[in-house]
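When a residue number appears, it is its place in the shown sequence, counting from 1.
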Amino acid sequence: MQELSLAAMARDGSFRRCRGLPCRMDDIQLCKDIMDLKQELQNLVAIPEEEKTKLQKQREDELIQKIHRLVQKRDFLVDDAEVERLREQEEDKEMADFLRIKLKPLDKVAKSPASSRAEKKAEPPPSKPTVAKTGLALIKDCCGATQCNIM
């Protein structure tokens with residue numbers, strides 16, 4: 001049961017990372033577009049104002065408007081990604097609480113018959129979860145105070 005829960009959590013984490021890739025790709029493309037437009041704008045700004053043609057002045061205004069639109073679009077993307085991250089964080093907390101409640105009875109059952117054997121064996125270091133550990137202990141090792149790689 002606990003292995004299945006951990007596998008599901010790992011799958012969910014992988015799924016989230018894959019789902020976020022198009023957003024990251026869009027962000028990268030927007031940044032590249034903004035940088036290209038800024039470079040073109042810098043070239044036009046470098047020309048003294050009295051030497052600029054009407055077409056160059058128009059192009060300057062167009063570039064400023066395009067950059068502004070792209071920045072707004074990127075801001076929207078970043079805000080959306082932040083909302084999604086917070087939602088996922090809340091889901092993770094709810095799942096951990098649910099698993100803690102559901103696996104607590106299993107933890108008690110697993111400790112009582114094996115208590116005499118457990119006292120004889122040396123406990124492995126807490127950073128290396130073993131199959132003998134209960135689901136609750138695995139979750140604590142996996143998702144303790146810091147966020148783990150699975151999540």
Asker: What are the two closest heavy atoms between L63 and L44, and how far apart are they?
Answerer: CD1-CD1, 3.7 Å
Asker: Looking at D27 and R24, is there a salt bridge between them, counting it only when a charged N and a carboxylate O are closer than 4.0 Å?
Answerer: no
Asker: Calculate, to the nearest 0.5 Å, the distance between atoms CD and NZ belonging to Q29 and K73 respectively.
Answerer: 10.0 Å
Asker: Inspect the contact between E88 and R85 and indicate whether a charged nitrogen and a carboxylate oxygen are less than 4.0 angstrom apart.
Answerer: no
Asker: Going only through I, L, V, M, F, W and Y residues with side-chain contacts under 4.5 Å, is there a path from L41 to M35?
Answerer: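 In one cluster: no.
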Asker: Hey, what do you get for CD1 (I64) to NZ (K66), rounding to the nearest 0.5 Å?
Answerer: 12.5 Å
Asker: Hey, mind stepping through L86 and E82 against side chain to side chain contact (heavy atoms under 4.5 Å, CB included) and telling me if it holds?
Answerer: CA-CA 6 Å; L86 291 173; E82 179 64 14; 3.9 Å; yes
Asker: Looking just at side-chain N and O atoms, do D61 and Q65 make a donor-acceptor pair shorter than 3.5 Å?
Answerer: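 No.
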Asker: Checking R87 against E90 for the salt bridge (Lys or Arg N to Asp or Glu O under 4.0 Å) test, could you report, in this order, the C-alpha distance in whole Å, the side-chain angles of both residues, the deciding distance, and whether it holds?
Answerer: CA-CA 5 Å; R87 184 188 62 78; E90 181 64 27; over 6 Å; no
Asker: For the CD atom of E84 and the CG atom of D79, what is their distance to the nearest 0.5 Å?
Answerer: 13.5 Å
Asker: Starting at CG of N43, measure out to CD of E60 and round the result to the nearest 0.5 Å.
Answerer: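 With rounding to 0.5 Å, CG (N43) is 11.0 Å from CD (E60).
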Asker: Indicate if I67 and V78 have the same hydrophobic cluster label, given that clusters are the connected sets of ILVMFWY residues with side-chain heavy-atom separations under 4.5 angstrom.
Answerer: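 Result: no, two separate clusters.
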Asker: Thinking salt bridges, do D36 and K32 make one under a 4.0 Å N-O criterion?
Answerer: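 So D36 does not pair with K32 through a salt bridge.
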Asker: Can you measure from CG (D80) to CG (D75) and round to the nearest 0.5 angstrom?
Answerer: 12.5 Å
Asker: Side chains of E49 and K57: does their closest heavy-atom pair fall under 4.5 Å?
Answerer: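 Contact flag for E49/K57 side chains = yes.
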Asker: For K52, look at atom NZ and say whether over 12 heavy atoms of other residues, nucleotides or ligands are found less than 6.0 Å away.
Answerer: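 Counting other residues, nucleotides and ligands, NZ of K52 exceeds 12 neighbours.
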Asker: Could you tell me the separation between the CD atom of Q58 and the OG1 atom of T53, rounded to the nearest 0.5 Å?
Answerer: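 Answer rounded to 0.5 Å: 8.5 Å.
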